[in-house]
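All values reported here derive from a predicted model rather than from experimental measurement. Chain naming here is simple, since letters A, B, ... match the order of the sequence lines and numbering starts at 1 in each.
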Amino acid sequence: MAIRFYNSLTHQTEEFQPLEPGTVRMYSCGPTVYDFAHIGNFRSFLFADLIRRFLEVMGNEVTHVMNITDVGHMTDDQVADGGGEDKMEAAAKRLKEDKKSGRVPDGAIENPDDPYQVADYFTKAFLEDARKLGLKIAFEYPERIPHATAFISEMQEMISQLIDNGHAYVGPDGAVYFSVESFPEYGSLSGNTLEQLREGSGGRVEETNQAAKRHPADFLLWKPDQSHIMKWDSPWGTGYPGWHIECSVMARKILGRDIIDIHTGGEDLIFPHHECEIAQSCCASGKEHFARFWMHARFLMVEGEKMSKSKGNFYTVRDVLGGKVTGREVHPAVLRYELLRSHYGSNMNFTEKGLKDSATAVRKLNEFNTMLEQKTGGQAAEIDNSHPVLADFLNALSDNLNISGALGVLFPWMSGPHDNPQESLAVLRTINRILDVAPMEHAADLEEEASGGDEFDVKALCKGIDDARASKDYAKADEIRNQLQAAGYEVRNSPEGTVATRQLA
RNA sequence: GGUGCGGUAGCCAAGUGGCCUAAGGCGAUGGAUUGCAAAUCCAUUAUUCGCGGGUUCGAAUCCCGCCCGCACCUCCA
């Protein structure tokens, strides 16, 4: 079955074929490293991970690149004078407070005033979160996860190129701007036209900032600014690059092509970020396309509301895993599944209930896996993607990553008969190359840690329940059971006696 | 105001002209099991697809109008 994806660029679902058969080049807009990434960021990153894993199971080699934005952009970089507070400075201030209050472990960061240390601190945190959640690309750092600050000279090359071929100019204020009027396609991704942008800018863009630009939508490529905390020498003065250019440059450089297959990001990036990337890349390369497929994940809501710090419903990955939502530790596989299980093209509503539902699903999948492993001794049959269950599962995903349809294949199959466990194990293993929740390979260490660091002897308590039951002392058995449950364990009977396992969420 | 996405059971959600008297999951209810629970298994759980028209032999699916939600147009995944 043909793979079909919704392409934001053409506003329709189209058949996907990589430019070079069997090899997919894909770029995803990654995190800024002035703070911890939140679950909304990760929904977008996991969406990219899903595409990648799916394409791999479908037989493609996928070269995936994701950037780390460590250039300390001004909060108001969008406007020409680059006003506002520097994000790196803001992060430094925050870190100093956190250091004082002990939230930052000793030695984790020496000098918060050094933007490179701030970036390094949050990059490490990002990679840690990403690995827990099974983002494949996080295991390919640093080769596939470049830092913007490592590509300043390449950015300058592209800026020069754009000036040379008439797509950019140095304004009266000394800054370099991209001329949107030089690129007729500008606006096609977001559905904007230059006229609408001109009108839409009324009242929102301050006149003083517009004076240097030829068109209100012209955007910054290089800003000479001696006062900026991170700055580099350039032909246009010491300063810093515009906030769109890094993606154009790193995608071309690391993927090695002017035209790549897929570019992903959150929906908010459609305009202006991706619109600007397209303009820069196409004008620099002279090619008709930058990415052939643009795919965007819709925003995540929390309990029906937009996630925001002021509403108090703002969660980082570590918040959720640490129990801020459910009141107890959450297994990373549960968060992965929760963020993955709804279609990327719709807003997803992140709820405590949803998270607990996901815990049940993940638990069932893991028990199913354990059962098959035991029955087969880990020996899986040889199968390929034409296996009927796999074919149905992959067909669903082929239809614009219809994850619900795919899960609608998985669950009934799972609870049906499994006369050939070796074959079933092979099916599950293939599906798990995509879902990565049963077992969740990258969380293995964490699991051991959790069961090893307990304050009491779970096995002895289970034995206590069995002994009490054997002597019909049910009050005692119930008491121990309650104790275990209160500590976050699920307690179950089995032919081998009572077993207690940690609740996943 | 402009642009885009969406509105299907208590909740999440698939399905885009007949195989739909609408998949799957969660939840709920009844039953089996259990010392009681939990887990597991079995059964039940939308005659109806935001609202109103229309096209058609036939519509959740196509067309027109309306209502509602979300997003972007400003830093944000």
Side-chain angles (χ1 to χ4, degrees), chain A residues 6 8 11 28-32 34-35 37-48 73-79 84-85 87 90 187 189-193 195-206 217 243 264-275 296-301 304-309 338-339 341-351 353-354 356-361 363-364 367 392 396 399 402-415 468-469 472-475 477-478 481-482 484-485 489-494 498-501:
Chain A
Y6 180 83
S8 305
H11 311 288
S28 300
C29 283
T32 51
Y34 328 118
D35 205 346
H38 60 253
I39 53 177
N41 299 129
F42 268 93
R43 153 125 140 135
S44 165
F45 303 150
L46 281 166
F47 147 66
H73 293 297
M74 293 295 183
T75 47
D76 295 348
D77 266 359
Q78 178 63 352
V79 294
E85 191 180 21
K87 286 179 182 171
L189 177 71
S190 57
N192 284 314
T193 64
E195 271 314 300
Q196 280 161 5
L197 287 170
R198 200 189 288 273
E199 285 165 22
S201 71
R204 274 190 265 269
V205 181
E206 286 172 47
W243 62 293
T264 73
E267 62 172 321
D268 57 316
L269 260 30
I270 294 172
F271 189 88
H273 185 54
H274 288 166
E275 198 77 75
H296 295 96
R298 300 257 151 220
F299 260 59
L300 173 141
M301 319 282 289
E305 289 188 296
K306 185 169 175 171
M307 182 165 66
S308 72
K309 285 182 177 165
E338 171 68 6
L339 293 175
R341 69 169 171 153
S342 59
H343 189 86
Y344 76 91
S346 308
N347 293 119
M348 100 155 256
N349 190 16
F350 181 88
T351 61
K353 185 178 179 297
K356 288 187 168 164
D357 288 355
S358 290
T360 305
R363 200 203 75 232
K364 282 185 181 175
E367 284 172 356
D392 285 351
D399 179 17
N402 182 352
I403 186 75
S404 301
L407 295 175
V409 172
L410 173 60
F411 282 97
W413 168 73
M414 187 170 81
S415 54
R469 291 182 68 207
K472 295 207 184 336
D473 185 355
Y474 296 123
D478 288 350
R481 185 169 68 197
N482 288 338
L484 277 164
Q485 282 172 342
Y489 285 84
E490 293 181 50
V491 182
R492 268 179 264 164
N493 287 340
S494 79
T498 300
V499 180
T501 50

Colleague: Of the listed nucleotides (B:rC73, B:rG24, B:rG4), which one gets closest to any side-chain atom of A:Phe411?
Modeller: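 Among B:rC73, B:rG24, B:rG4, the one nearest the side chain of A:Phe411 is B:rG24.
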Colleague: With a non-hydrogen cut-off below 4.0 angstrom, is A:His11 in contact with a base, only sugar-phosphate, or nothing?
Modeller: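 Contact class for A:His11: none.
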Colleague: Nucleotide by nucleotide, 5' to 3', does protein get under 4.0 Å of the base (B), only the sugar-phosphate (S), or neither (-) in nucleotides 33-45 of chain B, counting heavy atoms?
Modeller: --BBBBSS-----
Colleague: Are any of A:Lys306's side-chain N or O atoms less than 4.0 Å away from OP1 or OP2 of B:rC72?
Modeller: yes
Colleague: Could you give the distance separating B:rU29 and B:rG10 at their C1' atoms, to the nearest angstrom?
Modeller: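 Pairwise C1' distance, B:rG10 against B:rU29, rounds to 13 Å.
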Colleague: Hey, mind stepping through A:Asn493 and A:Arg469 against side-chain contact (heavy atoms from CB on, under 4.5 Å) and telling me if it holds?
Modeller: CA-CA 11 Å; A:Asn493 287 340; A:Arg469 291 182 68 207; 3.2 Å; yes
Colleague: Using the C1' atom as the point on both nucleotides, what is the distance between B:rU21 and B:rC62, in whole Å?
Modeller: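 Pairwise C1' distance, B:rC62 against B:rU21, rounds to 23 Å.
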Colleague: Can you sort out the partners of A:Asp268 under salt bridge (charged side-chain N to carboxylate O under 4.0 Å, His left out), two or more places apart, ordered by chain and number?
Modeller: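 Salt bridge (charged side-chain N to carboxylate O under 4.0 Å, His left out) list for A:Asp268, sorted by chain: empty.
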Colleague: Between B:rU16 and B:rG6, how far is it from one P atom to the other, in whole Å?
Modeller: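 It works out to 13 Å between them.
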Colleague: Scan A:Gly40 against the nucleic acid and name what it touches under 4.0 Å (heavy atoms): base, sugar-phosphate only, or nothing.
Modeller: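 Touches a base.
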Colleague: Dot-bracket for RNA chain B, 5' to 3', counting Watson-Crick or G-U wobble pairs under 3.5 Å, with [ ] for crossing pairs and | for inter-strand pairs?
Modeller: ((((((((.[[[..)..(.....]]]((((((.......))))))....[[[[[..)....]]]]])))))))....
Colleague: I'd like to check the salt bridge (charged side-chain N to carboxylate O under 4.0 Å, His left out) partners of A:Asp478; sequence neighbours left out, ordered by chain and number.
Modeller: A:Arg481
Colleague: I'd like the P distance from B:rA59 over to B:rC49, given in whole Å.
Modeller: 12 Å
Colleague: Over how many whole Å does the gap from A:His274 atom NE2 to B:rG4 atom C1' extend?
Modeller: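 Checked: the NE2 to C1' distance equals 16 Å.
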Colleague: Classify the side chain of A:His296 versus the base of B:rA77 as yes if they form a donor-acceptor pair under 3.5 Å and no if they do not.
Modeller: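 Per atom types, no contact qualifies.
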Colleague: Sticking with atom P, work out how far B:rC20 lies from B:rG30, rounded to a whole angstrom.
Modeller: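 These two P atoms come out 31 Å apart once rounded.
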Colleague: When the P atoms of B:rG50 and B:rU3 are considered, how many whole Å apart are they?
Modeller: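 So the two P atoms sit 24 Å from each other.
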Colleague: Measure the distance from CZ on A:Arg298 to P on B:rA77 and round it to the nearest whole Å.
Modeller: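 In whole Å, B:rA77 P lies 16 Å from A:Arg298 CZ.
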Colleague: Output the rounded distance in Å from CD (A:Glu338) to P (B:rG25).
Modeller: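 Rounded to whole Å, this separation is 17 Å.
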Colleague: Heavy atoms only, 4.0 Å cut-off, all strands: where does A:Leu410 land among base, sugar-phosphate and nothing?
Modeller: nothing
Colleague: Classify the nucleic acid contact of A:Asn41 as base, sugar-phosphate or nothing, counting any heavy atom under 4.0 Å across all strands shown.
Modeller: base
Colleague: A:Ala48: which residues meet the side-chain contact (heavy atoms from CB on, under 4.5 Å) condition with it, sequence neighbours left out?
Modeller: A:Met26, A:Ser28, A:His64, A:Thr264
Colleague: Name all residues meeting the side-chain contact (heavy atoms from CB on, under 4.5 Å) criterion together with A:Asp392; count only those two or more places apart in sequence or in a different chain, and write none if there are none.
Modeller: A:Val409
Colleague: A:Ala361 and A:Phe411: which non-hydrogen atoms are nearest, and at how many Å?
Modeller: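 Closest approach of A:Ala361 to A:Phe411, heavy atoms only: CB-CZ, 3.9 Å.
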Colleague: Calculate the interatomic distance between A:Trp243 atom CH2 and B:rA77 atom C1'; express it in whole Å.
Modeller: 12 Å
Colleague: Between B:rA77, B:rC76, B:rC11, which nucleotide gets closest to the side-chain atoms of A:Leu269?
Modeller: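 Among B:rA77, B:rC76, B:rC11, the one nearest the side chain of A:Leu269 is B:rA77.
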Colleague: Say we look at B:rG15 and B:rU56: how far apart would their P atoms be, to the nearest angstrom?
Modeller: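 About 29 Å, rounded to a whole number of Å.
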Colleague: Between atom CG in A:Asp268 and atom C1' in B:rC5, what is the gap in whole Å?
Modeller: 15 Å
Colleague: Rounded to the nearest Å, what distance is computed from the NZ atom of residue A:Lys356 to the P atom of nucleotide B:rG10?
Modeller: 23 Å
Colleague: Can you name the side-chain contact (heavy atoms from CB on, under 4.5 Å) partners of A:Thr351, sequence neighbours left out?
Modeller: A:Glu303, A:Asn349, A:Lys353
Colleague: Remember a base hit wins even if backbone is also touched, and classify A:Phe350 as base, sugar-phosphate or nothing at under 4.0 Å, heavy atoms.
Modeller: nothing
Colleague: Which heavy atom in A:Ser190 sits nearest to a heavy atom in A:Glu275, and how many Å separate them?
Modeller: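 Minimum heavy-atom separation between A:Ser190 and A:Glu275: OG-OE1, 2.5 Å.
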Colleague: In whole Å, what is the span from the CE atom of A:Met301 to the C1' atom of B:rC5?
Modeller: 13 Å
Colleague: According to ring pair (Phe, Tyr, Trp, His ring centres under 6.0 Å), who are the partners of A:His273, at least two apart in sequence or on a separate chain?
Modeller: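 Ring pair (Phe, Tyr, Trp, His ring centres under 6.0 Å) list for A:His273, sorted by chain: A:Trp243, A:His244.
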Colleague: Please report the closest heavy-atom contact between A:Ala396 and A:Gly405, naming both atoms and the distance.
Modeller: CB-C, 3.7 Å
Colleague: For A:Ile270 and for A:Phe299, find the nucleotide of RNA chain B with the closest heavy atom, then tell me which residue's nucleotide is more 5'.
Modeller: A:Ile270
Colleague: Tell me, please, which residues at least two apart from A:Phe350 pass ring pair (Phe, Tyr, Trp, His ring centres under 6.0 Å).
Modeller: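 So A:Phe350 forms no ring pair (Phe, Tyr, Trp, His ring centres under 6.0 Å) with any residue.
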Colleague: Write out a two-atom table: protein N or O, nucleotide N or O from nucleotides 13-20 of chain B, distance below 3.5 Å.
Modeller:
| unit_1 | atom_1 | unit_2 | atom_2 | d |
| --- | --- | --- | --- | --- |
| B:rA13 | O3' | A:Ser404 | OG | 3.3 |
| B:rA13 | O2' | A:Ser404 | OG | 3.2 |
| B:rA14 | O3' | A:Asn402 | ND2 | 2.8 |
| B:rG15 | OP1 | A:Asn402 | ND2 | 2.9 |

Colleague: Whole angstroms only, please: what is the CD-P distance between A:Glu305 and B:rA71?
Modeller: 11 Å
Colleague: Nearest heavy-atom pair of A:Ala37 and A:Phe42: which atoms, and what distance?
Modeller: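 Heavy-atom minimum between the residues: CB-CE1, 3.5 Å.
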Colleague: A:His296: what forms a ring pair (Phe, Tyr, Trp, His ring centres under 6.0 Å) with it, not counting sequence neighbours?
Modeller: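 With sequence neighbours excluded, A:His296 shows a ring pair (Phe, Tyr, Trp, His ring centres under 6.0 Å) to A:His274, given in chain and number order.
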Colleague: Using the C1' atom as the reference point in each nucleotide, state the distance between B:rA37 and B:rA32 in Å, no decimals.
Modeller: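 It works out to 15 Å between them.
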Colleague: Can you name the salt bridge (charged side-chain N to carboxylate O under 4.0 Å, His left out) partners of A:Glu338, sequence neighbours left out?
Modeller: A:Arg341
